[in-house]
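Step one of this worksheet: look at the structure below.
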Amino acid sequence: MTIPPGSVIGIVGGGQLGRMLAIAAAQLGYKCHIFDPNERPCAADVSAFHSRAAFDDVAALRAFGAEVDVVTYEFENLPVEALDVLGEKLKPSTRSLAVAQDRAREKAFIEGCGARVAPWRQISSLADVTAAVLKVGLPLVLKTRRYGYDGKGQAWVRSRREEQAAWQAIGEEPAIAEAAIDFLAEFSVIVARWEDGRHDFWDSPENEHREGILRRSTVPCGKACAAQVDEAREAALSIAEALGHVGVLTVEFFASASGPLVNEIAPRVHNSGHWTIEGAVTSQFEQHIRAICGLPSGPTALAGSGAAMDNLIGDDVNRWPELVSEPGLHLHIYGKGEARPGRKMGHATRVIR
Ligand code: ADP
Ligand code: MG
């Protein structure tokens with residue numbers, strides 16, 4: 001089914017991903033309706049409508065669903081049962097959401113698709129942490145099953161003595177324990193998939209993280225990643241197909257000495273794809289709108305010979321006068337207010353011609 005320009009696209013979540021989706025949708029003549037509990041979510045600043053309600057407010061979600069022609073979501077920590085009231089209008093479906101929001105289910109699902117992940121164990125007690133250390137080895141990282149992002153909800157165990165402190169640091173929550181991967185580099189596969197199974201990939205960005213937060217994405221990626229992209233794309237596509245995913249799906253990989261290992265999936269547009277706004281012929285945001293609305297796909301080729309995207313985290317955004325003066329630099333500021341440490345405030349993309 002085609003959802004034509006002029007229709008209303010609902011977006012659950014009003015952060016910067018919703019904001020950039022809404023900007024892309026507006027260019028194609030759609031109006032966006034943001035569903036978010038905050039008073040002034042930054043996506044609502046660029047959207048026609050905003051419903052302010054809790055994500056688990058089923059009545060509000062039902063009313064919102066009745067006012068929009070199609071709905072998508074821009075982050076994964078959402079209550080699946082509540083979103084189920086949106087029914088067929090929700091793209092991607094709650095299946096993608098349910099898998100991506102629980103690290104244990106996610107890992108098992110990825111393995112079920114035939115893709116490889118780091119050795120891992122499910123954890124629900126301190127005794128499980130000890131057992132994981134014996135099975136998986138040291139160092140390892142504990143990650144809460146739910147609500148982790150930008151390295152939050154994670155604690156490293158480097159020696160037996162750190163087991164208890166790490167378990168406490170993650171709040172003694174249900175978790176996974178994962179072996180440390182001595183990766184050559186990190187990269188992601190970003191794929192857009194249509195209802196009928198058509199799909200497109202962008203060039204895979206190489207991603208640099210600091211303190212668990214993405215700092216920089218670069219295309220083309222370096223040699224170590226480039227050698228693993230074909231196998232990684234196969235894995236990403238089998239995950240997208242198994243989910244019946246519609247829209248953009250991002251799969252983060254470690255390029256390891258033994259080949260690509262899936263780190264995690266995001267059932268949505270992704271920070272490592274922000275460079276596509278100016279660095280590719282069609283951006284991840286426009287393509288997501290095209291896919292959920294059943295429009296033809298846009299070309300995903302590089303616009304130049306490459307691109308580099310730097311996140312502006314916390315105080316970095318105060319560098320805007322210098323950045324906005326740099327010829328050819330594409331500055332994006334999300335309009336989020338207070339520049340707290342670790343908060344993603346904007347990004348800057350340099351396209352290599
Ligand atoms: P988040 O949801 O916060 O992005 P990730 O699991 O992607 O959580 O972890 C964030 C970053 O931490 C990764 O991109 C990587 O740099 C580092 N990291 C996570 N798990 C491992 C691991 N098993 N081995 C080595 N580094 C890791
Ligand atoms: Mg990650």
Side-chain angles (χ1 to χ4, degrees), residues 13 15-17 74-78 96-97 99-111 115-123 129 132-133 135-158 162 166 169-171 173-190 204-218 221-222 224-225 228 232 236 239 248-274 309 311 313 341-344:
Q16 67 268 20
L17 300 179
E74 59 103 70
F75 83 125
E76 50 267 46
N77 290 326
L78 296 167
S96 296
L97 194 59
V99 169
Q101 70 180 205
D102 176 344
R103 288 190 198 271
R105 189 165 168 194
E106 178 183 40
K107 295 270 177 205
F109 189 87
I110 292 163
E111 289 179 312
R116 287 184 294 155
V117 299
W120 68 284
R121 287 285 182 288
Q122 205 167 304
I123 300 295
V129 178
V133 166
K135 287 277 183 196
V136 170
L138 288 171
L140 61 70
V141 57
L142 301 183
K143 301 180 179 179
T144 55
R145 287 177 64 165
R146 286 171 179 271
Y147 306 121
Y149 70 99
D150 289 347
K152 292 183 176 65
Q154 300 192 11
W156 283 86
V157 182
R158 292 186 179 78
E162 290 180 359
I170 63 158
E173 293 282 329
I176 61 163
E178 189 181 286
I181 300 302
D182 186 17
F183 52 75
L184 308 166
E186 290 185 90
F187 68 101
S188 44
V189 171
I190 311 170
S204 270
E206 182 161 335
N207 303 323
E208 289 167 49
H209 295 81
R210 231 180 298 150
E211 286 148 12
I213 307 180
L214 182 69
R215 285 284 159 169
R216 166 171 266 222
S217 291
T218 314
C221 57
C225 299
Q228 303 193 5
I239 293 166
V248 170
L249 173 82
T250 306
V251 184
E252 296 179 16
F253 286 90
F254 298 123
S256 81
S258 63
L261 300 178
V262 176
N263 172 24
E264 62 172 348
I265 67 174
R268 52 167 170 79
V269 289
H270 193 261
N271 196 169
S272 67
H274 290 359
M309 186 281 323
N311 268 338
I313 296 168
R343 194 172 193 205
K344 289 175 178 168

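When a ligand or atom number is given, it counts from 1 through the structure's own listing order.
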Salt bridge or not for Arg103 and Glu264, using N-O below 4.0 Å? yes
Does Glu252 reach the main-chain N or O of Glu186 with its side chain, forming a donor-acceptor pair under 3.5 Å? no
Hey, could you give me each pair passing side-chain hydrogen bond (donor to acceptor under 3.5 Å, both in side chains) that has a residue in residues 147-156? Not counting sequence neighbours. Asp150-Lys344
As a test of reading the model: which residues have a non-hydrogen atom less than 4.0 Å away from ligand 1? Arg103, Val141, Lys143, Gly148, Tyr149, Asp150, Gly151, Gln154, Trp156, Glu178, Ala179, Ala180, Ile181, Phe183, Glu186, His209, Gly212, Glu252, Phe254, Asn263, Glu264
Rounded to 10 degrees, what angle sits at the Mg ion (ligand 2) between Glu252 OE2 and Glu264 OE2? 80°
Once side-chain hydrogen bond (donor to acceptor under 3.5 Å, both in side chains) is applied, do any residues pair with Arg343, and if so which ones, sequence neighbours excluded? none
Can you list the residues that meet the ring pair (Phe, Tyr, Trp, His ring centres under 6.0 Å) rule with Phe75, with sequence neighbours excluded? Phe55
Neighbour count >12 (heavy atoms, 6.0 Å) for atom CZ, Arg210: no
